[in-house]
Colleague: 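Here it is, the structure, as C-alpha cells.
By convention here, the first residue in the shown sequence is residue 1.
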Amino acid sequence: MGNTLMIGSCEPFSGKSALVLGIARWFMSSCSHRLRFGKPLATSCELSEEDSERSVPLIDDDVRFVGSILGLNEEQLIPSLHLLSANASEKRILDADLEPGLGFQALKKQLLKPFDGLTILEAAGSLHEGLVYGLSLSEVANELDAKVLLAHLWRDSNSVDSLLAAKKQLGRRLIGIVLNVVNPDALSDLNQTIIPALEKLGINVFGVMPRSPLLRSVTVEELVRRLEARVICCEERLELMVENLSIGAMNVNSAMEFFRRQRNMAVVTGADRTDIQLAALEASTQCLILTGAGEPLPQLINRAEELDVPILKVDHDTLSTVEVIEHAFGHVRLHETVKASYAFRLVEEHCDIDRLICSLGIAIPARPKTTASF
C-alpha cells in the first residue's frame, strides 16, 4: 500500500481541515508525487434522493471544497462510505450492525493499487466518533495500515490527558501532533517546557499554530441560518466574516469607546436602541443584529446601506441570540476561500512539514531549507 496519512483529533473542530489544506498544498508544490483526499465517514453532504437512486458517489462537502481549492480532479477525491446522521446511527444500532460494510473492502482494495503519491484521509471528529459505523480513527488506521497525525486544541497542561489516551490507543501509528488554537502568551512556555516534555513521552510535535480569529470566524450568512434571522438590508453582503461579538447594552458613550477597540464584530442590541445602532455602524461592524419588538428607523437602514452593513432582525431575546452566536465561533466548516488562503500560510509558517513528510518515508527533493516557527 502507498503512503496513507490520517488526520484526526481528540475532539471536533480542532483544525483538521486547515491542516489538510496546508499539508496537501505544500506536498503538491514541493514533491513530484500525486495526492488524493477523502473522508471515510462523511459528516456533511448534499445528496439528493435522485443522486442516491443513481448511486452517485458520496463525496463529503469538506472534500469537495478542499478539492476545488487544490485543483484536484474527481479521481483524486475518495468517496465516503457512510454519512454520519442520527437516523443512520439508530438503524445500525437496532440492526446490531457495527461493521463498515463491503464498501470498506472496496476502499482498501483501491488504496492497495499502486499509487505514486500520498493519500490523506480526514478522520471523524473524535477518537471514538464513527464506532457505530466501524469507521473510528483507530479502526480505519489499523485496516489501512495508515499513519496518524492529530490536530489538537491546546488550552493548558490538562490538554495532555487526551493526547496520552490517543497515544495508548493508536500506538505506533501515531506519528505526531500539531497543537492548535494556542494562546500567543503561552507560546514561550510551550516551546521551553511542554514540547520537550511531550517529545520525551514519545509524542512528536510537528507544529504549534496560534489562535486565529479569522479561522474561527463565521459568515453573516451562517449567522442568518443559525438565528433564523430576517435580513432587512444588504443581503448581497452576507459573505462578510464576523470575528467578534459585542452586546450593545450600555450607554452610547461607553459603547462607542468599546466598539473602537473591536474588529470585524457582530453587534447585538435592542431594536429600540437607535443610538447604539448608529454608533456601531461607525465602527468595524460586519452586521447589526436587532432583538426585541419594533423595527429599525429608516435613517438607520439608509446609513447601513451606505456602509454595506447587513441588518438582521431576530425573534430570540438577546441572551439566546448571544448564546447561538458564541457557539458558532470555532464550530463552522472551513468553506471560505479567504480562510483557506490563511490556512495555507498558517500551516507553512508554524509547522515543520519537512519533518512530517520524512516521517512518512517520502523523499523530499533538495531545496533551500525553511524552518517552521513554533
Side-chain angles (χ1 to χ4, degrees), residues 11-13 43-44 46 61 86 153 155 181 183 211-336 338-339:
E11 59 183 290
F13 298 103
T43 52
S44 174
E46 295 184 9
D61 293 337
L153 295 178
R155 298 179 180 90
V181 196
N183 187 325
R211 183 177 58 219
S212 165
L214 176 60
L215 287 185
R216 300 184 71 78
S217 65
V218 59
T219 62
V220 176
E221 183 176 20
E222 179 68 14
L223 293 181
V224 170
R225 185 186 69 80
R226 291 185 178 229
L227 292 167
E228 298 180 334
R230 173 165 55 91
V231 182
I232 293 177
C233 70
C234 303
E235 192 166 2
E236 72 283 356
R237 298 291 285 154
L238 300 186
E239 83 286 352
L240 292 172
M241 307 297 298
V242 174
E243 298 179 7
N244 296 288
L245 170 63
S246 296
I247 304 172
M250 66 284 282
N251 66 62
V252 67
N253 290 330
S254 298
M256 290 178 67
E257 183 179 346
F258 178 76
F259 290 158
R260 290 193 191 103
R261 299 196 299 267
Q262 303 302 303
R263 179 174 178 272
N264 296 336
M265 60 183 172
V267 175
V268 178
T269 190
D272 59 340
R273 294 298 307 271
T274 304
D275 54 346
I276 296 290
Q277 296 158 18
L278 288 170
L281 289 178
E282 304 307 318
S284 179
T285 299
Q286 303 293 68
C287 70
L288 276 175
I289 302 174
L290 310 185
T291 64
E295 292 294 320
L297 296 178
Q299 57 263 41
L300 176 75
I301 297 175
N302 291 338
R303 184 57 177 156
E305 288 176 336
E306 289 174 4
L307 298 171
D308 287 332
V309 177
I311 299 178
L312 315 182
K313 185 69 170 64
V314 298
D315 295 330
H316 313 288
D317 57 60
T318 298
L319 180 59
S320 299
T321 300
V322 168
E323 288 177 347
V324 170
I325 297 171
E326 286 184 334
H327 185 264
F329 288 127
H331 290 80
V332 292
R333 300 184 182 283
L334 195 157
H335 281 186
E336 291 84 26
V338 64
K339 285 187 178 184

Colleague: Does a side-chain heavy-atom distance below 4.5 Å link Val314 with Val268?
Modeller: no

Colleague: Looking only at heavy atoms, what is the nearest atom pair of Ala304 and Leu281, with distance?
Modeller: N-CD1, 3.8 Å

Colleague: Strictly distance-based, threshold 3.5 Å: is any side-chain N or O of Gln277 a donor or acceptor partner for the main-chain N or O of Gly270?
Modeller: yes

Colleague: For the pair Gln262 (side chain) and Ser284 (backbone), establish whether a donor and an acceptor sit closer than 3.5 Å, ignoring hydrogens and angles.
Modeller: no

Colleague: Test your reading of the model: is there a side-chain donor-acceptor pair from Gln286 to the backbone of Asn264, 3.5 Å cut-off?
Modeller: no

Colleague: Give a yes or no on whether a salt bridge exists between Arg225 and Glu221, defined as a side-chain N under 4.0 angstrom from a carboxylate O.
Modeller: no

Colleague: I want to check something: taking the side chain as every heavy atom from C-beta on, are Leu238 and Thr219 in contact at a cut-off of under 4.5 Å?
Modeller: no

Colleague: To the nearest 0.5 Å, what is the distance between CD1 (Ile325) and OG (Ser320)?
Modeller: 11.0 Å

Colleague: Within this structure, what is the CG-CD distance for the pair Asp272 and Glu295, rounded to the nearest 0.5 Å?
Modeller: 12.0 Å

Colleague: I would like to know whether Ile311 and Glu305 meet side chain to side chain contact (heavy atoms under 4.5 Å, CB included); could you show each step before the answer?
Modeller: CA-CA 9 Å; Ile311 299 178; Glu305 288 176 336; over 6 Å; no

Colleague: So do Leu300 and Leu278 actually touch side chain to side chain, heavy atoms under 4.5 Å?
Modeller: yes

Colleague: Do the side chain of Lys313 and the main chain of Ala271 share a donor and acceptor less than 3.5 angstrom apart?
Modeller: no

Colleague: When you check the gap from the basic side-chain N to the acidic O, do Arg237 and Glu239 get nearer than 4.0 Å?
Modeller: yes

Colleague: What do you reckon, is NE2 of His331 surrounded by more than 12 foreign heavy atoms closer than 6.0 Å?
Modeller: yes

Colleague: I need the Met256 CE to Glu282 CD distance, nearest 0.5 Å.
Modeller: 8.0 Å

Colleague: Would you check if Asp315 and Glu228 make a side-chain contact, meaning some heavy-atom pair closer than 4.5 Å?
Modeller: no

Colleague: Between Phe329 and Val218, which heavy-atom pair has the shortest distance, and what is it?
Modeller: CE2-CG1, 3.8 Å

Colleague: Testing Leu288, Ile232, Val220 one by one against Leu312 for a side-chain contact (heavy atoms from CB on, under 4.5 Å), which residue passes?
Modeller: Val220

Colleague: Could you tell me which non-hydrogen atom of Val252 sits nearest to which non-hydrogen atom of Asp275, and how far apart they are?
Modeller: CG2-O, 3.8 Å

Colleague: Do Val324 and His316 make a side-chain contact, defined as non-hydrogen atoms from C-beta onward lying under 4.5 Å apart?
Modeller: no

Colleague: Tell me, do Lys339 and Ser212 make a side-chain contact under 4.5 Å, heavy atoms counted?
Modeller: no

Colleague: So, for Ala280 and Thr285, which heavy atoms are closest and what is the spacing to 0.1 Å?
Modeller: O-OG1, 2.5 Å

Colleague: What distance separates Arg216 CZ from Met241 CE, expressed to the nearest 0.5 Å?
Modeller: 12.5 Å

Colleague: Show the nearest heavy-atom pair for residues Val338 and Leu214, with the distance to one decimal.
Modeller: O-CD2, 4.2 Å

Colleague: Over all heavy atoms of both residues, which pair between Val267 and Phe259 is shortest? Give the atoms and the distance, please.
Modeller: CG1-CZ, 3.9 Å

Colleague: Measuring from Leu290:CG to Thr269:OG1, what's the distance to the nearest 0.5 Å?
Modeller: 7.5 Å

Colleague: Please indicate whether Glu257 has more than 12 foreign heavy atoms, meaning atoms of other residues, nucleotides or ligands, lying under 6.0 Å from its CD.
Modeller: no

Colleague: Any Lys/Arg nitrogen of Arg333 or Glu222 sitting under 4.0 Å from an Asp/Glu carboxylate oxygen of the other?
Modeller: no

